[in-house]
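Any value given below was found using the heavy atoms of this structure, including those in side chains, with hydrogens, waters and symmetry copies removed.
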Amino acid sequence: MYPSPDAPVLLLEAPSELEKQIGVARRAVTASYLDARAQVQGVISRWIDVEQAVEHRVKSLIAPDEPLTPGVLYVGVATLTGSVLARNRMILTRLLLPPTLLLLSFRHFLPKTAHNVSDYCGSLEDTYFPRLAQAHETAKAHSAMTWERIKDVSVAGREATVSGVETMLVRIEEATGLKLKEALGYGQGVVRAVENQTKAAAKIVQQKTEAATDVIVKKTEAAKEAIEHKAEAAKEVAEHKAENNSVVSEPKVEEPPTRLV
C-alpha cells in the first residue's frame with residue numbers, strides 16, 4: 001500500500017592511483033627525513049662526548065699551580081726562532097730544529113705540564129703499542145746507562161787532568177824552586193772547595209737539627225696537652241666521687257616525738 005523508503009546511498013572515497021603514489025612517496029620521504037635526523041643527532045651527540053672527553057683530558061694534563069700565559073708564549077717564540085734559524089739550512093736541520101726547540105722549551109718553561117703530557121703519551125703507548133713501549137723503555141735505560149758512563153768518564157778524566165797538573169807543578173817547583181801553586185791559586189781553589197763543602201754539610205746538619213727540634217717540641221706539647229687533659233679528667237672524677245660521698249654521709253635529722261595532750 002505504501003511505497004518503500006529509498007535505500008540510503010553511501011559514497012565511498014576511492015583514491016586515485018596518483019594519490020596513492022603521492023602518499024607512498026610522502027611516507028618514504030618522511031621516513032628518510034626522520035632516519036637522517038636521527039643519524040645527525042647521533043653524530044652530534046658523539047661529537048659532544050668527544051669534546052667533553054678532550055676538555056677533561058686537557059684540564060687533567062695542565063698543572064693547576066703552573067701559569068700557562070707566559071710559558072706558552074715562550075714556547076711559541078722558541079719554536080718560531082728555530083724555524084727562522086733553520087730557514088736557510090739543510091733539510092734535516094729544518095725538520096729537526098723546530099720540534100727539538102719546542103720540546104726543550106716546553107720542558108723548561110712548563111715542566112709539570114710536560115711531565116703530565118709525557119706520562120699520558122706513555123700510557124697510550126703502553127695501551128696501543130706495547131712492543132714500541134718496551135723498545136722505548138729499553139732505549140731509555142741504555143741512554144741513562146750511557147749518560148752515567150759519560151759522566152763517570154768525564155769525572156775520571158778531570159781528576160786525572162787535575163792530578164797530572166798537580167804532579168807537573170810539584171816537579172817544576174822542585175826543579176826551579178818557584179811557588180807555582182800559590183801563584184796560580186791552586187791551593188786557594190782547593191781551600192775554597194773544602195770550605196764550600198763544609199758550609200754545605202753544616203747547613204744540612206743545621207736543617208736536620210731544626211727539623212728534629214721542631215718534632216721534639218711538637219711531641220712535648222702533645223704529651224703536655226695529653227697529661228693536662230688526663231689530670232682534668234681525674235680531677236673531675238675525684239670531685240664527682242667526693243660529691244657522692246658527701247651526699248651519702250649526711251646524717252638524717254630525727255623529728256621530736258609529738259606529745260599527746
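For E66, the CD atom counts as densely surrounded, since its 6.0 Å shell holds more than 12 non-hydrogen atoms of other residues, nucleotides or ligands.
Applying the side-chain hydrogen bond (donor to acceptor under 3.5 Å, both in side chains) rule to T79 yields no partners; only residues at least two apart in sequence or on another chain are considered.
Checking each of V155, T161, V162 against E159 for a side chain to side chain contact (heavy atoms under 4.5 Å, CB included) leaves exactly one that passes, namely V155.
Remark: D65 CG to T113 OG1 distance equals 8.5 Å, nearest 0.5 Å. Distance check, rounded to the nearest 0.5 Å: OG1 of T167 to CD1 of I172 gives 11.0 Å. For the atom pair L34 CG and Q41 CD, the distance stands at 11.5 Å (nearest 0.5 Å). Residue R158 holds its CZ atom at 6.5 Å from OG of S154, rounded to the nearest 0.5 Å. The NZ atom of K112 lies 14.0 Å from the CD1 atom of I62; values are rounded to the nearest 0.5 Å.
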Could you go through residues 91-100 and list every donor-acceptor pair under 3.5 Å that involves a side-chain atom there, pairing it with any protein atom two or more places apart or in another chain?
| residue | atom | partner | partner atom | Å |
| --- | --- | --- | --- | --- |
| R94 | NE | R89 | O | 3.3 |
| T100 | OG1 | L96 | O | 2.5 |

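Clustering ILVMFWY residues whenever any of their side-chain heavy atoms sit less than 4.5 angstrom apart, transitively, puts L124 in the very cluster that holds L61. Following chains of ILVMFWY side-chain contacts shorter than 4.5 Å, one cannot reach V77 starting from L80, and the two form parts of different hydrophobic clusters. Residues F129 and V117 fall within the same hydrophobic cluster, defined by Ile, Leu, Val, Met, Phe, Trp and Tyr side chains chained together at heavy-atom separations under 4.5 Å. In this structure, L110 is not a member of the same hydrophobic cluster as L73, with clusters built from ILVMFWY side-chain heavy atoms closer than 4.5 Å. F106 is connected to F109 through a chain of hydrophobic side-chain contacts under 4.5 Å among Ile, Leu, Val, Met, Phe, Trp and Tyr, so both are in one cluster.
The nearest pair of heavy atoms linking A114 to R107 is CB-CA, 3.9 Å. Residues S105 and L101 approach most closely at OG-O, 2.7 Å, considering heavy atoms.
Side-chain contact between R57 and Y120 is present, with at least one heavy-atom pair separated by less than 4.5 Å. Counting only heavy atoms from C-beta outward, the side chains of R27 and V24 approach each other to under 4.5 Å. By the 4.5 Å heavy-atom criterion applied to side chains, E19 and I22 are not counted as neighbours. Between Q21 and E17, some side-chain heavy-atom pair lies under the 4.5 Å cut-off. Using a 4.5 Å cut-off on side-chain heavy atoms (C-beta onward), E137 and K140 make contact.
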Criterion side-chain contact (heavy atoms from CB on, under 4.5 Å) on R26 and V29, from CA distance to verdict: CA-CA 5 Å; R26 185 177 60 186; V29 170; 5.8 Å; no

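Judged by distance alone, with hydrogens and angles left aside, the side-chain atoms of S163 form no donor-acceptor pair with the main-chain N or O of A160 at under 3.5 Å.
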